[in-house]
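Every chain is numbered from 1, with letters handed out A, B, ... down the list of sequences. As a basis for the values below, the full set of heavy atoms in this structure was taken, side chains included, without hydrogen atoms, waters or symmetry mates.
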Amino acid sequence: MARDERSVTPQSEDFSAWYNDVVFRADLVDRGPVRGSMVIKPYGYRIWELLQADLDGRIKATGHQNAYFPLLIPQSYMEREAEHVEGFAPELFTVTHAGGKELEEPLVIRPTSETIIGEMMAKWISSHRDLPLLLNQWANVLRWEMRPRMFLRTSEFLWQEGHTAHPTAADATAETMLALGLYQDVAVEAAAMASVPGEKTPGERFAGAERTFTIESMMRDGRALQAGTSHFMGTNFATAFGITYTSESGTAELCHTTSWGMTTRMIGALVMTHGDDKGLVLPPALAPYQVVVVPIGRGEQAAAVSSAAAVLAATLQRAGIRTHVDDRPQLSPGFKFNDWEMRGVPIRLELGPRELAAGTALLSRRLSYRQPDAAKEAIPLERAPDLLAAELAAFQAMLAQRAADFRDDHTVAANSWPEFAAGVAVGWVLALHCGEQACEDEIKTETTATARCIPLAGEPEQGPCIRCGKASAYGKRVIFARAY
RNA sequence: CGGGGUGUAGCGCAGCUUGGCAGCGCGCUUCGUUCGGGACGAAGAGGCCGCCGGUUCAAAUCCGGCCACCCCGACCA
């Protein structure tokens with residue numbers, strides 16, 4: 001391949017290869033020794049920490065408390081909810097030995113914690129006064145995946161899982177929607193993604209849930225990615241684990257439970273939502289470095305430039321802007337420009353003798369939507385904190401707008417099968433569907449597209465199924481797409 | 001599980017057809033010169049050629065077996 005060794009595979013040539021190039025070259029991740037495992041490197045982990053802090057704040061602000069449950073779960077727990085075990089059995093890691101001896105009962109490494117938390121909830125809840133019980137945990141989970149992909153599907157991943165118990169179905173449903181709303185807010189406000197909240201069709205439901213909701217996001221190859229999910233369990237787990245309470249009138253009642261999760265997959269989603277052929281593009285809200293200062297100059301100039309860079313960085317830090325000075329002496333400015341573009345830093349400031357003399361810094365944006373040729377711009381140093389705060393806010397908003405425009409530009413409403421097939425090859429399709437599983441399966445076989453969600457905001461509409469012509473279900477259009 | 005591919009220096013690869021001193025580029029170390037879009041020179045360091053066995057005077061190379069990882073589908077956050 002004639003391509004420069006130092007750049008990445010273009011998206012248009014092979015999106016999948018592009019993704020791999022970027023996550024490694026941007027220094028987000030490395031491969032672990034075990035199939036499907038990953039080492040999240042400091043730069044990638046910082047993104048996770050920022051997302052985590054944002055989401056954790058929202059979770060706590062809505063009355064949930066963090067707790068931590070064990071990694072190891074008795075195998076028998078998994079088997080108590082029939083659909084749940086059936087759904088997860090193929091993915092389980094099982095521990096059969098400990099202390100050099102075979103265990104009497106095998107332990108599974110949690111693929112998710114409904115069962116062990118359900119068991120504990122049953123113990124902790126006895127009265128209607130104990131409800132609602134609003135728990136969350138930050139943890140790692142393990143699932144044996146057939147086809148791993150960095151961040152998107154690894155055998156071990158990090159997430160947050162909320163687990164709540166409520167007296168009534170209405171309360172639990174409200175909680176399910178509340179959690180979905182938190183995810184949508186994080187996705188849009190922090191990650192600048194254009195997610196669509198909706199409900200999963202029955203075939204796409206979580207194992208053991210009565211209703212599953214999702215936020216679906218569009219990646220830059222037109223595929224869909226589930227970026228967060230929230231489940232209404234009804235009384236399924238309460239029945240399996242005996243999560244009951246005594247009501248005000250003294251009767252024994254089953255709780256209604258929920259669970260909801262968002263994962264390190266979000267990092268992959270960020271990459272595929274905003275990235276381009278120069279590499280990663282990070283929204284300021286989640287960028288480890290929002291501004292990178294590149295000092296330019298050697299010899300006599302170096303000292304003056306580097307101290308000015310340090311002063312500038314300190315000033316910006318004080319203003320709450322995550323700033324980094326790239327003072328690596330052995331590397332040329334040009335190398336650094338490319339490096340930080342690869343790593344997705346929103347704004348770069350060049351500081352050399354010319355700027356020093358003029359009392360300015362040369363500002364360069366990682367991406368300029370609708371003005372791809374926008375030039376570098378000199379900004380006065382004394383106004384840098386205010387100007388950069390504004391620039392970062394504008395950059396964040398620009399990315400969100402760009403993602404929304406991209407989603408809308410790649411979404412079509414189809415009323416015929418040819419339209420459907422063509423639409424789903426390049427993006428999302430809104431179509432009426434009969435709701436039958438066999439029909440969904442047929443669509444998948446023919447186009448590889450699946451029902452992503454029934455958008456909450458969809459307009460009421462009835463008509464014939466896009467595939468089989470039977471009467472539509474759900475009362476509105478369904479999003480179909482190829483998915484990750 | 002099906003299909004394809006790859007295992008040789010930290011990374012990317014060549015060498016294998018036709019057996020004969022283990023190579024190249026990048027990176028790394030030291031010194032010097034450089035620094036406004038991926039700098040240059042000189043001198044260095046770095047190897048269980050995936051593993052096990054076989055053939056041979058001699059195996060990275062030929063033969064047999066095994067293992068691992070990657071990519072494309074089915075499963076999934």
Side-chain angles (χ1 to χ4, degrees), chain A residues 1 3-7 9 14 16-17 19-21 24-25 27 30-37 86-92 111-112 139-161 183 200 203-207 212 214-217 224-231 259-269 278-279 294-302 305-306 326-342 348-356 361-362 364 375-376 378 441 444-445 448 450 482-484:
Chain A
M1 182 109 301
R3 183 188 319 119
D4 189 329
E5 244 288 305
R6 297 166 302 191
S7 63
T9 308
D14 182 342
S16 183
Y19 176 81
N20 264 324
D21 287 353
F24 291 114
R25 297 286 301 281
D27 213 26
D30 204 349
R31 289 185 205 290
V34 176
R35 193 185 85 96
S37 68
E86 193 188 326
F88 279 104
E91 304 184 2
L92 292 179
T112 179
N140 59 339
V141 288
L142 267 74
R143 300 178 185 180
W144 185 253
E145 297 291 353
M146 297 186 211
R147 191 142 107 66
R149 224 152 141 37
M150 288 293 145
F151 291 115
L152 303 177
R153 215 171 26 241
T154 45
S155 52
E156 178 181 3
F157 58 89
L158 306 182
W159 75 352
Q160 149 286 125
E161 49 181 324
Y183 293 152
K200 285 291 189 187
E204 300 275 331
R205 264 181 212 142
F206 177 79
T212 286
T214 174
I215 58 169
E216 293 289 322
S217 294
L225 182 96
Q226 180 170 326
T229 178
S230 182
H231 315 291
S259 75
W260 26 279
M262 182 174 265
T263 79
T264 36
R265 168 181 275 191
M266 278 296 280
I267 297 172
K278 289 203 274 186
V294 178
I296 299 167
R298 262 285 145 158
E300 307 218 338
Q301 303 167 332
V305 166
S306 96
D326 186 353
D327 53 7
R328 294 175 290 178
Q330 73 280 20
L331 298 174
S332 70
F335 181 93
K336 292 176 183 179
F337 298 164
N338 284 289
D339 195 35
W340 292 114
E341 279 162 10
M342 178 69 71
R348 182 181 70 235
L349 293 178
E350 299 170 29
L351 200 59
R354 293 206 294 263
E355 285 73 30
L356 232 50
L362 202 54
S364 173
K376 300 177 185 181
D441 292 345
K444 181 171 187 181
T445 307
T448 76
T450 50
R482 294 169 305 143
Y484 279 97

Visitor: Using a distance-only criterion (donor-acceptor N/O pair, under 3.5 Å, no hydrogens), is the base of G36(B) paired with the side chain of Lys336(A)?
Guide: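 A donor-acceptor contact between them is absent.
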
Visitor: If you find the nucleotide of RNA chain B closest to Ala227(A) and the one closest to Gly297(A), which residue's nucleotide is nearer the 5' end?
Guide: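 This one resolves to Gly297(A).
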
Visitor: Taking any heavy-atom pair under 4.0 Å as a contact, classify Phe151(A): base, sugar-phosphate, or nothing.
Guide: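 Base contact.
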
Visitor: What does Arg328(A) touch in the nucleic acid at a heavy-atom separation under 4.0 angstrom: a base, only the sugar-phosphate, or nothing?
Guide: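 Arg328(A): no heavy atom of the nucleic acid under 4.0 Å.
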
Visitor: Base, sugar-phosphate alone, or nothing: which one does Leu362(A) contact when heavy atoms must sit under 4.0 Å apart?
Guide: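 Since a base atom lies under 4.0 Å of Leu362(A), the category is base.
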
Visitor: Base, sugar-phosphate, or nothing for Gly261(A), non-hydrogen atoms under 4.0 angstrom?
Guide: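 Nothing, no nucleic acid heavy atom in range.
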
Visitor: Name the nucleic acid region contacted by Ser217(A), choosing base, sugar-phosphate or nothing; use a 4.0 angstrom heavy-atom cut-off, strictly under.
Guide: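 No contact.
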
Visitor: With Lys376(A), which residues qualify under side-chain hydrogen bond (donor to acceptor under 3.5 Å, both in side chains), at least two apart?
Guide: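 With sequence neighbours excluded, Lys376(A) shows a side-chain hydrogen bond (donor to acceptor under 3.5 Å, both in side chains) to Glu350(A), given in chain and number order.
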
Visitor: Taking only Watson-Crick and G-U wobble pairs with both distances under 3.5 Å, what dot-bracket line describes RNA chain B, where [ ] shows pairs that cross earlier ones and | shows pairs with another strand?
Guide: ((((((((.[[[[.)....(..]]]].((((((.....)))))).....[[[[[..)....]]]]])))))))....

Visitor: So that I can tick it off, tell me whether Arg6(A) and Asp339(A) are bridged by a salt bridge, with the cut-off set at under 4.0 angstrom between side-chain N and carboxylate O.
Guide: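 A salt bridge is absent here (no side-chain N lies under 4.0 Å from a carboxylate O).
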
Visitor: Detail all sub-3.5 Å separations between protein N/O atoms and N/O atoms belonging to nucleotides 25-28 of chain B.
Guide:
none

Visitor: If you look at every heavy atom in Ser7(A) and Arg25(A), which pair is closest and at what distance?
Guide: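 Reported closest heavy-atom pair: O-NH1, 3.3 Å.
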
Visitor: Within this structure, what is the CD1-to-P distance between Ile296(A) and U34(B), rounded to whole angstrom?
Guide: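 It is 18 Å, rounded to the nearest whole Å.
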
Visitor: To the nearest Å, give me how far apart CD (Glu341(A)) and P (G37(B)) are.
Guide: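 Between P of G37(B) and CD of Glu341(A): 12 Å.
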
Visitor: Heavy atoms under 4.0 Å, any strand shown: does Gly228(A) hit a base, just sugar-phosphate, or nothing?
Guide: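 The residue Gly228(A) makes no contact with any strand.
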
Visitor: Between Arg6(A) (CZ) and A39(B) (C1'), how many Å, whole number?
Guide: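 My rounded result for the distance is 11 Å.
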
Visitor: Between Asp14(A) and Thr9(A), does any side-chain donor sit less than 3.5 Å from a side-chain acceptor?
Guide: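 Asp14(A) vs Thr9(A): no donor-acceptor pair found between side chains.
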
Visitor: List, with names and distances, any nitrogen or oxygen atoms from the protein found under 3.5 Å away from nitrogen or oxygen atoms belonging to nucleotides 68-76 of chain B.
Guide:
unit_1	atom_1	unit_2	atom_2	d
C69(B)	OP1	Arg35(A)	N	2.9
C71(B)	OP1	Asn20(A)	ND2	3.2
C72(B)	OP1	Ser16(A)	OG	2.7
C72(B)	OP2	Arg147(A)	NH1	2.2
C72(B)	OP2	Arg147(A)	NH2	3.4
G73(B)	OP2	Arg147(A)	NH2	2.3
C75(B)	OP1	Lys444(A)	NZ	3.3
C75(B)	OP2	Lys444(A)	NZ	2.6
C76(B)	O2'	Glu145(A)	OE2	3.2
C76(B)	O2	Arg265(A)	NH2	3.4
C76(B)	N3	Arg153(A)	NH1	3.3

Visitor: Regarding Glu350(A), tell me which of base, sugar-phosphate or nothing describes its non-hydrogen contacts under 4.0 Å with the strands shown.
Guide: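 Base, at least one base atom sits under 4.0 Å.
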
Visitor: Does a side-chain N-to-carboxylate-O contact under 4.0 Å join Glu156(A) and Arg143(A)?
Guide: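 Answer for the salt bridge query: no.
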
Visitor: Glu355(A): which residues meet the side-chain hydrogen bond (donor to acceptor under 3.5 Å, both in side chains) condition with it, sequence neighbours left out?
Guide: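 In terms of side-chain hydrogen bond (donor to acceptor under 3.5 Å, both in side chains), with neighbours along the sequence ignored, Glu355(A) is linked to no residue.
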
Visitor: Provide the closest heavy-atom pair for Ser217(A) versus Ala227(A) in the form atom of the first, atom of the second, distance.
Guide: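 Scanning both residues, the minimum pair turns out to be OG-CB, 3.9 Å.
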
Visitor: Map Glu355(A) and Phe206(A) onto RNA chain B by nearest heavy atom, then report which one ends up closer to the 5' terminus.
Guide: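 Per heavy-atom nearest nucleotide, the more 5' residue is Glu355(A).
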
Visitor: With Phe88(A), which residues qualify under ring pair (Phe, Tyr, Trp, His ring centres under 6.0 Å), at least two apart?
Guide: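 Ring pair (Phe, Tyr, Trp, His ring centres under 6.0 Å) list for Phe88(A), sorted by chain: His84(A), Phe206(A).
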
Visitor: Without decimals, in angstroms, what is the distance between Asp326(A) CG and G36(B) C1'?
Guide: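 Checked: the CG to C1' distance equals 15 Å.
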
